[in-house]
**Q** 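First the structure, which I've put down as structure tokens, then a few questions once you've had a look.
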There are 2 protein chains.
Amino acid sequence: MATTETDQVDRRGRRREAKQARILAEAWALAHRDGLAAISLRDLADRVDLRQPSLYAYFDSKLGLYDLMFADGNHQLLEWVMSHPLSDDPRIALVEFVQELVRFSSDDVVRHQLLFQRTIPRFEPSPTSFALALEFYELARQRLALAGVSDPGDVDVFSALVNGLAHQQVANDPGGDRWVLLAERAVDMFLADVDRRRQSSSQKGAPQ
Amino acid sequence: MATTETDQVDRRGRRREAKQARILAEAWALAHRDGLAAISLRDLADRVDLRQPSLYAYFDSKLGLYDLMFADGNHQLLEWVMSHPLSDDPRIALVEFVQELVRFSSDDVVRHQLLFQRTIPRFEPSPTSFALALEFYELARQRLALAGVSDPGDVDVFSALVNGLAHQQVANDPGGDRWVLLAERAVDMFLADVDRRRQSSSQKGAPQ
DNA sequence: GTCTATATTCGGATAGAC
DNA sequence: GTCTATCCGAATATAGAC
């Protein structure tokens, strides 16, 4: 069978993708070692067996590298959440969702930093990368809806709660589970409050 | 009256302190403009009418500058909290405390970043500076105790909640008050949960 | 404490050949 | 896409005079 033109394209595309994956992996490794802001393109090139200028075939600038990492981190997040089974019990499902998120953050501090904290001076995700972040927010919205939560104020409180747990876990007990273990309690606290507010508001404005 | 030696020392000490205060103020201004990690000692020297090497009379290294800023930020935090009246009603006092903290963070994103997020690669506060941070945590502990909260787990949940509100405020509505307005609701949610847990645990283990 | 002068290193980015 | 060669700018930090 003769080699067609599309075969060629596929093969080259694969090689390129593989190289890009390697670049990303080593970029994360460097970020762990030196800090996210201190990644050097020279070090990165060394680790992937390229000369430093050759990296520019994969991104336009250093901020472009951060954009690739941002997209990669969001892919990891989506995959992480979707790789876990979804319990039938809405309460348990929400508890496990929160636990997954806190673990995800504590598993990789710099990834948490890039995805959820704005710490790199002039970096803003490109529309394509940001779409992945939105995809996650939509997924989270659906998970909350399954537990009967859809009020915007409720969603804001929930997001603060999860973010706070993740942040405390990352900042004060990196690699541990001190705040992971509080996830169930936090969710119960939250759901009880949602119920409580629903009841008191239905008392006031029920007949209408 | 003759000029004594201690007068001289005081005067020089004051001049030095004034200069240091100016350096700090301009360092914050630069952090706002360029990002915390991107402060340049050249720019800083320009702004305080010094040559760049002269800054080394005030700190040993760039990390030393961050340490000064860290201490300064914690001073601001303590002063901010203590400048507000403390309500007699423990619930209201706690609500206002949380509002103050969220406002403090949203008032200055980079200060929040330096104080509560570990974002500068090799920076760790010196013992002296860190003591100020501990002073704040002790103050927060006392405020919680006034509301009847002292269980370590409760404190952990509370810290996550406040940190989460502050972070969401800073990240998603900088300068606004979307999450500040949720402080009261969050505190009520939290206190209700503390009560609820206290009751259920006193049922189980009351006689002893 | 502040200066001038300078060392030194390192960074990202470009030009142009292959 | 990858290379060599190089540019240029920026950074922190030090030496030594005043």
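Here is the naming used below: chain letters follow the sequence lines, and residue numbers restart at 1 for every chain.
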**Q** What is the distance, rounded to the nearest whole Å, between atom CG of A:Leu44 and atom P of C:dG11?
**A**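 For the pair A:Leu44 CG and C:dG11 P, the rounded distance is 12 Å.
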**Q** Separation of B:Arg122 atom CZ from D:dA11 atom P, in whole Å?
**A**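 Distance check: B:Arg122 CZ to D:dA11 P gives 17 Å.
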**Q** Looking at A:Arg178 and A:Gln168, would you say the former's side chain and the latter's main chain have a donor-acceptor pair under 3.5 Å?
**A**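 Not at all, since once roles are kept as given, no pair shorter than 3.5 Å links the two residues.
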**Q** Heavy-atom nearest nucleotide on DNA chain D for A:Ala57 versus A:Gln52: which residue maps closer to 5'?
**A**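 Per heavy-atom nearest nucleotide, the more 5' residue is A:Ala57.
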**Q** Can you tell me the distance, in whole Å, between the CD atom of B:Gln20 and the P atom of C:dT2?
**A**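 One finds 11 Å between P of C:dT2 and CD of B:Gln20, rounded.
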**Q** Using the side-chain heavy atoms of B:Tyr58, tell me which of these nucleotides is nearest: D:dT12, C:dC3, C:dT2.
**A**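 Minimum distance to the B:Tyr58 side chain belongs to C:dT2.
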**Q** Could you state the OH-P distance from A:Tyr56 to D:dT2, rounded to the nearest angstrom?
**A**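 So the two atoms are 15 Å apart, to the nearest Å.
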**Q** When you measure from the side chain of A:Asp193 to the backbone of A:Arg197, do you find a donor-acceptor pair of N or O atoms at a distance under 3.5 Å?
**A**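 Here the side-chain-to-backbone pair does not exist.
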**Q** Quick check for you: among C:dG11, D:dT2, D:dA11, whose closest atom lies nearest to any side-chain atom of B:Ser40?
**A**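 Comparing C:dG11, D:dT2, D:dA11 against the side chain of B:Ser40, the answer is D:dA11.
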**Q** Indicate the atoms forming the closest heavy-atom contact of A:Val98 with A:Ala183, along with that distance.
**A**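 Looks like CG1-CB, 3.7 Å.
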**Q** Counting side-chain heavy atoms from C-beta on, which of D:dT12, C:dT2, C:dA13 comes nearest to B:Arg42?
**A**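 That would be D:dT12.
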**Q** Identify whether any heavy atom of B:Ile39 sits under 4.0 Å from a base atom; if not, whether one sits that close to sugar-phosphate; answer base, sugar-phosphate or nothing.
**A**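 Touches sugar-phosphate only.
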**Q** Can you check the B:Asp43 CG to D:dG9 C1' distance for me, whole Å?
**A**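 Taking atom C1' of D:dG9 as the reference, CG of B:Asp43 is at 13 Å.
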**Q** What's the CG-C1' distance between B:Leu55 and C:dG1, to the nearest Å?
**A**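 About 12 Å, once rounded to whole Å.
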**Q** Expressed in angstrom and rounded to an integer, what is the separation of A:Asp34 atom CG from C:dT9 atom P?
**A**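 So the CG-P distance, A:Asp34 to C:dT9, works out to 18 Å.
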**Q** Between A:Val102 and A:Leu165, what is the shortest heavy-atom contact and its length?
**A**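 The answer is CG2-CB, 3.9 Å.
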**Q** Tell me whether A:Tyr66 contacts the main-chain N or O of A:Leu36 through its side chain, where contact means a donor paired with an acceptor under 3.5 Å.
**A**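 The answer is yes, because a donor-acceptor pair under 3.5 Å joins these two groups.
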**Q** In terms of side-chain heavy atoms of A:Ser61, which of D:dT2, C:dT2, C:dA13 is nearest?
**A**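 Comparing D:dT2, C:dT2, C:dA13 against the side chain of A:Ser61, the answer is C:dA13.
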**Q** With respect to the side chain of A:Arg51, which nucleotide from D:dC3, C:dT2, D:dT12 is positioned closest?
**A**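 Nearest to the side chain of A:Arg51 among the choices is D:dC3.
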**Q** Just to confirm, is there a sub-4.0 Å distance from OP1 or OP2 of C:dC3 to any side-chain nitrogen or oxygen of B:Ser54?
**A**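 Result: yes.
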**Q** Nearest whole angstrom, please: distance from the C1' of D:dT2 to the CG of A:Asp49.
**A**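 So the two atoms are 13 Å apart, to the nearest Å.
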**Q** Between D:dA13, C:dG11, D:dC3, which nucleotide has the shortest distance from any of its atoms to the side chain of B:Lys62?
**A**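 Side chain of B:Lys62 sits closest to D:dA13.
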**Q** If you check the B:Pro53 side chain, which of D:dA11, C:dA13, D:dA15 turns out closest?
**A**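 Nucleotide nearest to B:Pro53's side chain: D:dA15.
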**Q** Between D:dC3, C:dT2, C:dG12, which one does the side chain of A:Leu41 approach most closely?
**A**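 Of the options given, the side chain of A:Leu41 lies nearest C:dG12.
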